[in-house]
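Below is one structure, written out as structure tokens; comments come after it.
Heavy-atom basis, side chains included; hydrogens, waters and symmetry copies ignored. A, B, ... follow the sequence lines: proteins, then strands. Residue 1 opens every chain.
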Amino acid sequence: MRETKPKEFSLPDLAAVEGPVRMRIAPNPSGPLHVGHSRMAILNDEYVKRYGGKCINRFEDTDPARIDPSGYDSILADLDWLDVKISETVIQSDRFELYYGAAKRLLEIGKAYICTCQPDFWRDLKAKKKPCPHREEPISEQNARWDLMFDGGFGQEEASLIVKTDLSHPNPAIRDFVALRIDETPHPRTGTRYRVYPLMNLAVAVDDHELELTHVLRGKDHLNNTYRQLYIYDYMGWDKPTYVHYGRVSMGEIQLSTSKMSAGITEGLYAGWDDPQLGTLSALRRRGIRPESIRRYWIEAGVKEVDIEFSWKTLYAFNKEVVDDSAGRFFFVDEPMRMPLKAPSALTANAPVHPAHPERGTRQLEVPAGGAVYLSRSDVPENGERLRLKDLCNIVFRDGALEFEGNDLSVLREGVRIVHWVPEDSVEAEVKMTDGSTKTGLAERGIASAKGEVIQLERFGFVRVEETSPRIRCIYAHR
RNA sequence: GCUCCCGUAGUGUAGUCCGGUCAAUCAUUCCAGCCUUUCGAGCUGGACACCCGGGUUCGAAUCCCGGCGGGAGCACCA
């Protein structure tokens with residue numbers, strides 16, 4: 001059965017939808033969000049938008065050593081910028097009692113045990129499909145050890161609560177898993193109030209159930225975690241949400257590892273989390289990449305379980321579409337070379353602010369008689385070569401000067417190149433590129449009024465004007 | 001090593017469940033042409049794919065088997 005091709009790309013329908021959905025995004029507050037993270041946020045948001053319901057933000061901060069306290073705020077800001085609608089935010093470090101309760105119950109119904117083996121020893125046994133000596137000990141023993149865990153009778157790695165699955169499970173990743181551990185590291189939010197920390201599989205299963213989620217969307221790197229969490233659901237007799245696992249995204253060259261970005265910042269390699277070299281959302285925002293473009297990208301990528309390669313080219317193409325209509329045009333000359341212009345009189349260019357919108361007017365650029373213009377080094381013509389100075393006139397280059405050669409546009413048919421230029425009264429400007437370099441040059445004066453806007457530097461690319469004083473500073477977006 | 005998942009053009013994606021209308025969709029990319037004003041703009045056109053091998057069938061991208069390839073997990077991280 002063939003259906004008419006939808007003009008707009010859209011996500012496939014979710015399975016098992018009965019009324020409003022409840023979904024969640026579950027960031028770890030270890031730093032700001034990057035493009036990779038934006039996928040889960042946007043996908044969840046899209047489905048909640050389609051079916052109605054709620055999208056819950058849950059901070060997963062159950063590893064005190066891996067939290068950057070600024071993440072709680074920066075992630076919320078990033079989500080807001082992405083236009084992801086959060087109905088409610090919960091923080092796992094507020095909910096430890098809930099996890100303890102579930103863990104205690106698992107212990108009491110014989111589906112969990114407290115192990116005091118050396119971790120390596122326990123892992124080896126597991127690999128051999130053998131139970132550790134504590135696995136089948138009586139409940140009284142287990143309870144005694146539970147108390148010791150909480151009272152401080154055990155130190156880090158001396159005891160942990162383990163959920164039983166199936167030791168003979170063919171997949172070694174699914175056999176018994178740790179659910180509660182002891183950690184003395186102070187937590188940024190709760191300090192030393194707790195010393196027993198849940199691990200993700202316990203916390204996630206309990207929360208997904210408590211929050212009454214209908215659908216869980218996650219990367220397929222969590223596939224085995226899903227299988228583990230399902231054991232908890234079964235033991236507790238909970239209804240299961242519908243899981244969707246999407247494939248891995250390979251992002252290519254760009255640096256996305258939170259720890260590496262953080263290290264790069266301290267080393268001075270990057271100016272901050274929003275350095276244009278990075279793939280953080282704050283960096284993209286600075287460059288003028290619009291959230292709509294990112295959203296469209298992830299919608300087109302879909303939720304298939306295949307691994308995909310991220311294409312910056314495609315994202316840029318989408319962004320160009322979003323941004324082009326409102327981007328005013330300006331001339332910027334990189335590596336400027338002063339070229340005397342021999343013309344019979346003063347010249348004035350009336351360059352359109354936007355070629356598709358004549359109603360927005362023109363930029364008037366004056367070249368006085370006997371004056372000069374600047375060209376980019378790479379545009380300097382060869383002796384005898386003719387050029388079209390865009391929106392100004394035709395010239396021929398002879399003996400180090402540009403000679404006026406009328407204004408007849410038909411020369412373009414002969415293959416004469418068109419180049420951009422700036423007059424002598426232009427202002428210094430710099431463009432921060434995404435490879436960390438900076439291009440300096442001259443821009444027409446009018447650019448000073450475009451602060452904060454995304455503009456197109458003709459024949460150079462789209463940039464966002466970040467500062468206009470004391471000097472013009474732009475961040476490069478894409479061509 | 002063990003386990004699981006996946007395999008349509010350069011990159012994504014539709015189609016695969018319910019085999020024919022698929023000599024395979026759309027987007028992006030790339031190339032060419034057009035355009036008396038830019039462009040890396042616009043328009044038009046073009047190029048590029050069903051991992052391989054068997055089998056079932058009148059007919060397979062779609063079903064079966066085998067191979068190959070890619071990814072993930074086997075953490076007291078998430």
Between U36(B), C4(B), A72(B), which nucleotide gets closest to the side-chain atoms of Leu409(A)? U36(B)

Contact class for Cys117(A) (heavy atom, under 4.0 Å): base, sugar-phosphate, or nothing? base

Between Arg95(A) and Asp61(A) (salt bridge meaning N to carboxylate O under 4.0 Å), is one present in this structure? no

Distance check needed: C76(B) C1' versus Arg66(A) CZ, whole Å only. 13 Å

Does NZ or CZ of Arg363(A) fall inside the cone over Phe331(A)'s six-membered ring, less than 6.0 Å from its centre and within 45° of the axis? yes

Rounded to the nearest angstrom, tell me the gap between atom CD in Glu305(A) and atom P in C6(B). 5 Å

Candidates Asp334(A), Val419(A), Leu387(A) - the one meeting side-chain contact (heavy atoms from CB on, under 4.5 Å) with Asp379(A): Val419(A)

Which residues, if any, of residues 314-323 of chain A bring a heavy atom under 4.0 Å of RNA chain B? Thr314(A), Ala317(A), Phe318(A), Lys320(A), Glu321(A)

For A14(B) and Lys304(A) - does any side-chain N or O of the residue sit under 4.0 Å from the phosphate oxygens OP1/OP2? yes

Using the criterion of both pairing distances under 3.5 Å for Watson-Crick and G-U wobble pairs, give all stems of 3 or more consecutive pairs involving RNA chain B. B:1-7 with B:68-74, B:10-12 with B:26-28, B:29-34 with B:42-47, B:51-55 with B:63-67

A78(B) phosphate, OP1 or OP2, under 4.0 Å from Ser30(A) side-chain N/O: no

If we count only N and O atoms by modelled type, under 3.5 Å, do the side chains of Ser376(A) and Glu335(A) hold a donor and an acceptor together? no

Ionic contact status for Asp208(A) with Arg58(A), cut-off 4.0 Å: yes

Residue-level proximity of residues 169-180 of chain A to RNA chain B when a heavy atom falls under 4.0 Å: Pro170(A), Asn171(A), Pro172(A), Ala173(A), Val178(A)

With a 4.0 Å cut-off, would you call Arg135(A) and Glu137(A) a salt bridge? no

Take atom NZ of Lys126(A) and atom C1' of U3(B), then tell me their distance rounded to the nearest Å. 12 Å

Ion pair Arg175(A)/Asp166(A), N-O distance below 4.0 Å: no

Report the distance from atom NZ of Lys220(A) to atom C1' of U3(B), rounded to the nearest whole Å. 14 Å

A75(B) phosphate, OP1 or OP2: any side-chain N/O from Arg181(A) under 4.0 angstrom? no

Should Met23(A) and Met40(A) count as side-chain neighbours, where that means a heavy-atom distance under 4.5 Å? no

Carboxylate-amine/guanidinium contact Lys390(A) Glu458(A), below 4.0 Å: yes

For the pair made of CG in Leu223(A) and P in C2(B), what is the distance, rounded to whole Å? 19 Å

Side chains of Glu300(A) and Phe318(A): closer than 4.5 Å at any heavy-atom pair? yes

Roughly, in whole Å, what's the span from CH2 in Trp298(A) to C1' in U13(B)? 14 Å

Going by an N to O cut-off under 4.0 Å, is there a salt bridge joining Arg386(A) and Glu405(A)? yes

